[in-house]
Number of protein chains: 2
Amino acid sequence: MPPLLSIGEFSQVTHLSVRTLRRYHEAGLLEPARVDPASGYRSYGPEQIPTAQVIHRLRELDVPLAEVGRILASPSTEDRARLVAGHLQRLEDQLQRTRSAVASLRRLLHPEPAPLPVELRRVPATLVAAVEGTVGSDDVLDWYSAAMAQLDAAVPAPAGPPGGLYDNALFTDGHGQAVVYLPVSHAPPATGRVRARTLPAAELAVTVHPGEHDTIDVTYGRLGSWVVRSALAVAGPVRETYLVGPRDTPDPARWRTEIGWPVFRVAPG
Amino acid sequence: MPPLLSIGEFSQVTHLSVRTLRRYHEAGLLEPARVDPASGYRSYGPEQIPTAQVIHRLRELDVPLAEVGRILASPSTEDRARLVAGHLQRLEDQLQRTRSAVASLRRLLHPEPAPLPVELRRVPATLVAAVEGTVGSDDVLDWYSAAMAQLDAAVPAPAGPPGGLYDNALFTDGHGQAVVYLPVSHAPPATGRVRARTLPAAELAVTVHPGEHDTIDVTYGRLGSWVVRSALAVAGPVRETYLVGPRDTPDPARWRTEIGWPVFRVAPG
DNA sequence: TCTTGACCCTCCCGCAGGGGGAGCCCGCAG
DNA sequence: CTGCGGGCTCCCCCTGCGGGAGGGTCAAGA
């Protein structure tokens with residue numbers, strides 16, 4: 001007969017709190033070796049210690065309980081390794097975002113007093129080859145690179161640098177409509193997700209964000225500030241134009257991103 | 001008269017959702033420039049855009065709203081910088097913990113089959129110079145180094161390597177009693193927080209954890225497993241003895257930490 | 001002037017993972 | 001037999017955010 005541990009004893013050897021163990025039971029992550037039908041008392045076996053520790057570690061990595069369950073339930077070691085590797089990748093991404101936020105914060109706290117050069121520009125309707133979709137802000141980067149690859153394949157000779165149209169909801173609500181495009185002189189045949197599209201004419205408040213996109217929100221804010229102070233109001237999705245981007249130079253410091261915010265004049269008074 | 005923005009417009013220029021802006025108002029972080037007394041409509045001024053962005057960045061760094069409030073309310077730039085620096089430090093620490101968890105997880109998923117050498121040892125009561133306190137598991141490291149510095153100052157010639165006594169609640173509930181000590185041959189005078197203390201005699205299940213403390217929980221689990229299978233039960237706080245530690249060598253790979261878990265025999269059957 | 005639709009308001013519920021605590025049962029030891 | 005240290009369940013609270021209901025406001029167009 002194997003030695004069984006009360007929940008309190010198991011808590012001591014695993015360094016998990018009693019409450020947490022109960023929750024893990026409830027969530028189906030760590031079924032006690034025995035549950036007394038009369039009293040409901042939980043008993044754990046020593047062979048469950050490693051499982052408890054794996055859960056502990058995964059939780060330290062902020063893996064959601066549901067995902068932990070999936071990892072524990074996966075039959076093969078490779079599956080487990082793949083799921084865990086996926087999470088480590090997500091941690092990497094998060095670290096990158098943290099770095100960006102730190103960089104952005106630094107700029108905000110040590111603001112450059114140089115005024116932002118903004119130009120009010122009336123742009124005509126433009127023919128483009130575009131890929132359109134509804135995305136979550138987490139997936140934008142993946143979605144963007146996939147779309148851009150399709151565009152590059154479909155458009156041999158673009159008439160200008162690539163650009164994107166981003167719904168405001170994408171930033172504020174975390175998901176929304178996005179369009180990436182390449183200007184063309186003639187409508188291309190529809191291939192894959194690539195479609196011909198005409199960007200409407202608009203009046204844009206335009207500025208250029210230099211460098212990588214870490215701190216682009218600062219530039220957005222300064223542009224927004226300019227727009228408001230100029231008695232204008234924003235209307236419609238933002239247009240970004242990648243004047244110099246990763247396809248042109250691997251050095252992020254040399255990137256140049258044009259931000260164009262559609263505006264209209266607010267009646268004075 | 002300065003141009004004022006509706007909450008929706010402000011949401012668009014700051015990339016914060018309307019709901020979030022309302023929450024920040026409620027939390028006192030970002031008071032609208034005007035609130036219509038009749039309709040309750042919020043209006044924001046363009047000068048609030050940078051503030052909104054600072055909040056946005058801080059939230060991306062998982063700074064709690066209360067702390068954001070403190071940062072925004074702090075009068076001097078130095079205070080602000082200090083608070084932010086503190087948070088960046090916390091991010092660093094968290095990163096370190098993440099690294100530890102990853103390392104630990106790797107060991108758990110690729111377990112070493114070598115059996116853990118465990119010794120059952122009866123230790124006599126020991127006279128020590130000790131610093132005692134109730135700490136949260138987050139502060140243990142800071143608390144430990146401060147206490148050890150005091151001990152080193154008070155005890156010129158210790159009779160053995162330093163050690164610690166850690167309440168189980170410290171691991172499971174996140175806070176509990178902790179003691180660090182240096183063995184002495186004669187009771188030292190009480191200086192600062194340093195007191196003479198006698199560790200009670202005990203029967204300990206003892207093993208040694210090699211290397212840094214990243215994966216010490218794995219060793220804890222294996223030791224716990226051994227204890228249970230040997231028909232023993234844990235009793236009282238864990239004793240760690242730092243046979244070889246940071247004070248001996250800067251190379252963590254050569255550290256050796258002895259873990260002693262007080263046990264008692266469980267009546268068979 | 002009325003209607004319509006976009007916008008705004010408040011309030012409640014949900015999510016994740018826990019913590020705190022009430023109120024009760026259970027078993028053991030003095 | 002009584003106390004006490006566990007164990008049990010159930011409920012509410014916390015954080016920061018989203019979804020949605022139900023209702024008020026405001027401006028443009030008919």
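Letters go in sequence order (proteins before strands), and every chain restarts at 1. All values below come from the heavy atoms of this structure, side chains included, with hydrogens, waters and symmetry mates left out. What you see is a predicted model, and the numbers here were worked out from it, not measured in a lab.
- Across all their heavy atoms, A/Asp142 and A/Ser145 have their closest contact at O-OG, 3.1 Å.
- Looking at heavy-atom distances under 4.0 Å, A/Ser43 makes no contact with the nucleic acid at all.
- With sequence neighbours excluded, the residues that form a side chain to side chain donor-acceptor pair (under 3.5 Å) with B/Ser104 are A/Arg57.
- Between its two ends, the helix from C/dT1-D/dA30 to C/dG30-D/dC1 turns its axis by 30°, counting five pairs per end and rounding to 10 degrees.
- Under the 30°/60° scheme for interplanar angles, the aromatic rings of B/Trp261 and A/His15 are found to be tilted.
- Across all their heavy atoms, A/Gln48 and A/Glu31 have their closest contact at NE2-O, 2.6 Å.
- The stretch residues 14-33 of chain B comes close to DNA chain C through B/Arg19, B/Arg22, each having a heavy atom under 4.0 Å from the strand.
- In terms of heavy atoms, B/Ile259 sits closest to B/Thr219 at CD1-CG2, 4.0 Å.
- Aromatic ring pairs are classed by plane angle as parallel below 30°, tilted from 30° to 60° and perpendicular above 60°; the pair A/Tyr166 and A/Phe171 is perpendicular.
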task: Decide yes or no on salt bridge (charged side-chain N to carboxylate O under 4.0 Å, His left out) for A/Arg23 and A/Glu26, but give the supporting numbers first.
output: CA-CA 5 Å; A/Arg23 242 188 309 271; A/Glu26 200 177 354; over 6 Å; no
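- Nearest approach of B/Asp214 to B/Ala103, heavy atoms of both residues: OD2-CB, 3.7 Å.
- When all heavy atoms are compared, the tightest approach of A/Glu9 to A/Leu4 is OE1-O, 4.4 Å.
- Residues in residues 90-102 of chain B take part in no salt bridge (charged side-chain N to carboxylate O under 4.0 Å, His left out) pair, two or more places apart or across chains.
- From the 5' end on, the contacts that DNA chain D makes with chain A at under 4.0 Å to a non-hydrogen atom open and close at D/dG6 to D/dG19.
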- request: Test B/Leu16 against B/Tyr24 for side chain to side chain contact (heavy atoms under 4.5 Å, CB included), laying out the working first.
  value: CA-CA 10 Å; B/Leu16 288 164; B/Tyr24 291 172; 4.2 Å; yes
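- Note that CD1 of A/Ile49 is 9.5 Å distant from CG of B/Leu223, once rounded to the nearest 0.5 Å.
- Both B/Arg59 and B/Asp36 lie close to DNA chain D; mapped to their nearest nucleotides by heavy-atom distance, the more 5′-ward contact belongs to B/Arg59.
- Two residues, A/Ala66 and B/Ile7, neighbour DNA chain C, and the one matched to the more 5' nucleotide by heavy-atom proximity is B/Ile7.
- Among B/Val227, B/Val228, B/Leu232, the one residue that satisfies the side-chain contact (heavy atoms from CB on, under 4.5 Å) test with B/Ser230 is B/Leu232.
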query: Along nucleotides 25-30 of chain C, 5' to 3', which nucleotides get a B, which get an S, and which get a -, given that the test is a protein heavy-atom distance under 4.0 Å?
result: -S----
